[in-house]
Amino acid sequence: MSITYLEAIREAQAKALADDPRVFLYGQDIGSFGGAFKATKNLAKEFPGRVLDSTLSEDAIIGAAIGAAIEGMRPIVEMQYADFSTVGFNQIVNHAATLFWRTETPCPITIRLPSGGTNGSGPFHSQNMESLYAHYPGLVVMTPATVEDAYSMLLEAVAIDDPVIFCEHKYLYYHLKADGLPTEAEPVGKAKIARPGRDVTVVAYSAMVHEALEMARELATEGTEVEVVDLRSVKPLDTDTVLASVARTGRLLAVGESFPWGGVTAEVVARVASAGFGLLDAAPQRLNAKDTPVPFHPNLWGTHRPTARAIAIAVRELLRS
Amino acid sequence: MGIGFGMVQAMVTPATGAGSLKETYLGAYRWMLLARVSEEKYASLYRGGKIHGSVFLGKGQEALSVSIAVNLRKGDIFSPLIRDQAGRLAFGESLLDSTRAYLGSRLGAMRGRDGNIHRGRPRDGYFAMISHLGAMIPAVAGALLARRMKGMTGAVGATTIGEGGTSTGAFHEGVNLAAVEQLPLVIVIANNQYAYSTPASKQFACGDLVDKAAGYGIAGHSVDGTDLAACLETLRKAVGAARDGGGPQMVVASLLRLAGHGEHDDFRYVDPELRRTALGRDCLEAAEAALLEKRWATPKEIAAWRAEAARQVDETVAAVQREPLPNPDEEDWCALSSKRLVDGFTTE
């Protein structure tokens, strides 16, 4: 049996609904229509009354999920696109993220963000929001890169008593397949070595893990062994695994698909520079998308975001320094 | 730990006759008085430098606020806003909890992490507002939606906002969601004529705010917010209609804020003409006049009640002032309830 990243997300939601009566799904077009990407296909029929179509109101959707969580429910919210979560940003960062700290009331909501660029999606259907949400205290931010992680981390997100921003990458929805669903998983908060290597560490997450792996395969034919670290979650960020890798390789490149100012890659570089300066044989580097909105046309989009080719250039440069 | 539903909840039942009307009115008046006296004390502590942050008074809005709470029952949800001291106390918040929040006591519900009006005990149905106006409306709606999913019926949610807050997108999204889902939500709008310094004329362009109710397809009610009897009756109807399956109810009260936005604000921008109109009537004084006129109380009794409220407030403040303050060394500085998921690098 083969299962896609998107199907894994659907299956995780089905399992969460089946296992826990407190779970319900809430979002635009997710009911009988099954969602813009069909991540909730047939779930409204399988779980009557627990897969609710919302109004076109991101602020109210998140606000309502918070209220339901206060009542002891565990909502999974689908934002139609990660980009649109900015309309609900206030509820996420000022309400959900502060609730437990202010009032000792847990806020177990999972917010699914269909994230990242795909061909032809343009400035408002391509964004990566993980750096924004990771900036705020009180949120857990997951960025699964594999089918297995998409499944197991979504289930863990629902079980966590805090608000979780679940960044699922649209580019991986159909491209990425696995033989089956996992029965056990590494806990959230642990990064993993996606490919071992001794010459240079490339830290990535979400779709960038696959660009990094493609680059690593190419460089392997030239005799360079790249170690690829998949962060899995960006908050918490597993600094120890990154440092241990840099201790082996002496060189660091952090890759992210989001905009270049600040963010996850800057955080990785800053942590390694401050806690592992002595481990470095060269200045740590990072590679992000360009500092413009995400372009619509594939000719531009393919250059805007880091690709295997762009990462290879950055790694070769790093190995020369 | 939970909020105690005090004497008024027990004493004030929906008015069904002259006797109970008197009881309801008297009970509501006593909460208004306690709210006024406690806020005067907080204001004086603020001026004396004893309160950090600001103090926000509900002066002029006590009749409206208390009328919401006395029409709610145990198990209902109340999400108050900035000028709801009377409603908070009548809903069951103890004076101790209120005072601890203002003074930042480590023993209070907010433990010095948040203060003044940003307080509550959400799990007891007493929501803790965030400052962003309109944001609490969908939260209460979501709680009511959850109850419907759980098969719990009969409960009502009530939330308050000012005329300024009706200009936010969150207000629109929240009211519309509640309307579409036909939730038992009462939205009380205190049109107190000013949002900080911005007059109502710069806030909305419809003839009357209550006209907005029709646009959402929900029931609208208008009331003189300076008249306690009118407020009690309007809220009784609105809460009852929501409870009986009538869907969301919008209540618009006309009144005037008789204090600054906060105690740092001298509110010189308020049109002096407006203060001389019926809008500028002090609802507490009006309620006292009505008590005397109806012979439901004597001047001596009212004076005794005020003295009793002052004694209660003074004792509570004195007790809280002896309580421990927040201690940074004893804070866990952790915003997550799942401690294992704390990002250790940034907190160590």
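Numbered from 1 within each chain, the chains take letters A, B, ... in sequence-line order.
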Residue, of Leu56(A), Thr98(A), Asp162(A), that accumulates the most heavy atom pairs under 4.5 Å with chain B: Asp162(A)

Test: Glu323(B) and Arg111(B) ion pair at under 4.0 Å: no

Leu145(B) versus chain A, heavy atoms under 4.5 Å apart: side chain, backbone, both or neither? side chain

Under 4.5 Å from a heavy atom of chain B, the part of Thr105(A) involved: both

Looking at Ile66(A), Asp161(A), Ile61(A), Asp240(A), which has the largest count of heavy-atom pairs under 4.5 Å with chain B? Asp161(A)

Just wondering, do Gln91(A) and Pro138(B) contact through their side chains at under 4.5 Å, heavy atoms? yes

Let me confirm one number: the NZ-CZ distance from Lys150(B) to Arg22(A), rounded to the nearest 0.5 Å. 10.5 Å

With only heavy atoms counted, which part of Ser54(A) is less than 4.5 Å from chain B, the side chain, the backbone, both or neither? neither

Is Glu331(B) salt-bridged to Arg113(B), cutoff N-O under 4.0 Å? yes

Contact winner vs chain A - Met129(B), Arg147(B), Arg148(B), heavy-atom pairs under 4.5 Å: Arg147(B)

Segment of His172(B) engaging chain A (4.5 angstrom heavy-atom cut-off): neither

Please lay out, stage by stage, how Val255(A) and Val203(A) fare under the test side chain to side chain contact (heavy atoms under 4.5 Å, CB included). CA-CA 6 Å; Val255(A) 183; Val203(A) 171; over 6 Å; no

Do Tyr102(B) and Val55(B) have side chains that approach each other closer than 4.5 Å (heavy atoms only, starting at C-beta)? yes

Tell me whether the rings of Phe78(B) and Tyr126(B) are parallel (<30°), tilted (30 to 60°) or perpendicular (>60°). parallel

Go through the atoms of Thr103(A) and report whether side chain, backbone, both or neither lie under 4.5 Å from a heavy atom of chain B. both

If you count heavy-atom pairs within less than 4.5 Å of chain B, which of Leu99(A), Ile160(A), Ile62(A) leads? Ile160(A)

Which atoms of Met149(B) come close to chain A, meaning under 4.5 Å heavy atom to heavy atom: side chain ones, backbone ones, both, or neither? side chain

For chain B, the option from Val87(A), Thr55(A), Leu52(A), Val140(A) that forms the most heavy-atom pairs under 4.5 Å: Thr55(A)

If one checks every heavy atom of Val140(B) against chain A at 4.5 Å, the contacting part turns out to be neither

Less than 6.0 Å separating the ring centroids of Phe166(A) and Tyr133(A)? no

Does any heavy atom of chain A fall under 4.5 Å from the side chain of Leu144(B), the backbone, both, or neither of them? neither

Checked Gly157(B), Ser131(B), Ala128(B), Gly174(B) vs chain A; the most non-hydrogen pairs under 4.5 Å come from Ala128(B)

Between the CD atom in Glu168(A) and the OG atom in Ser206(A), the distance rounded to the nearest 0.5 Å is 9.5 Å

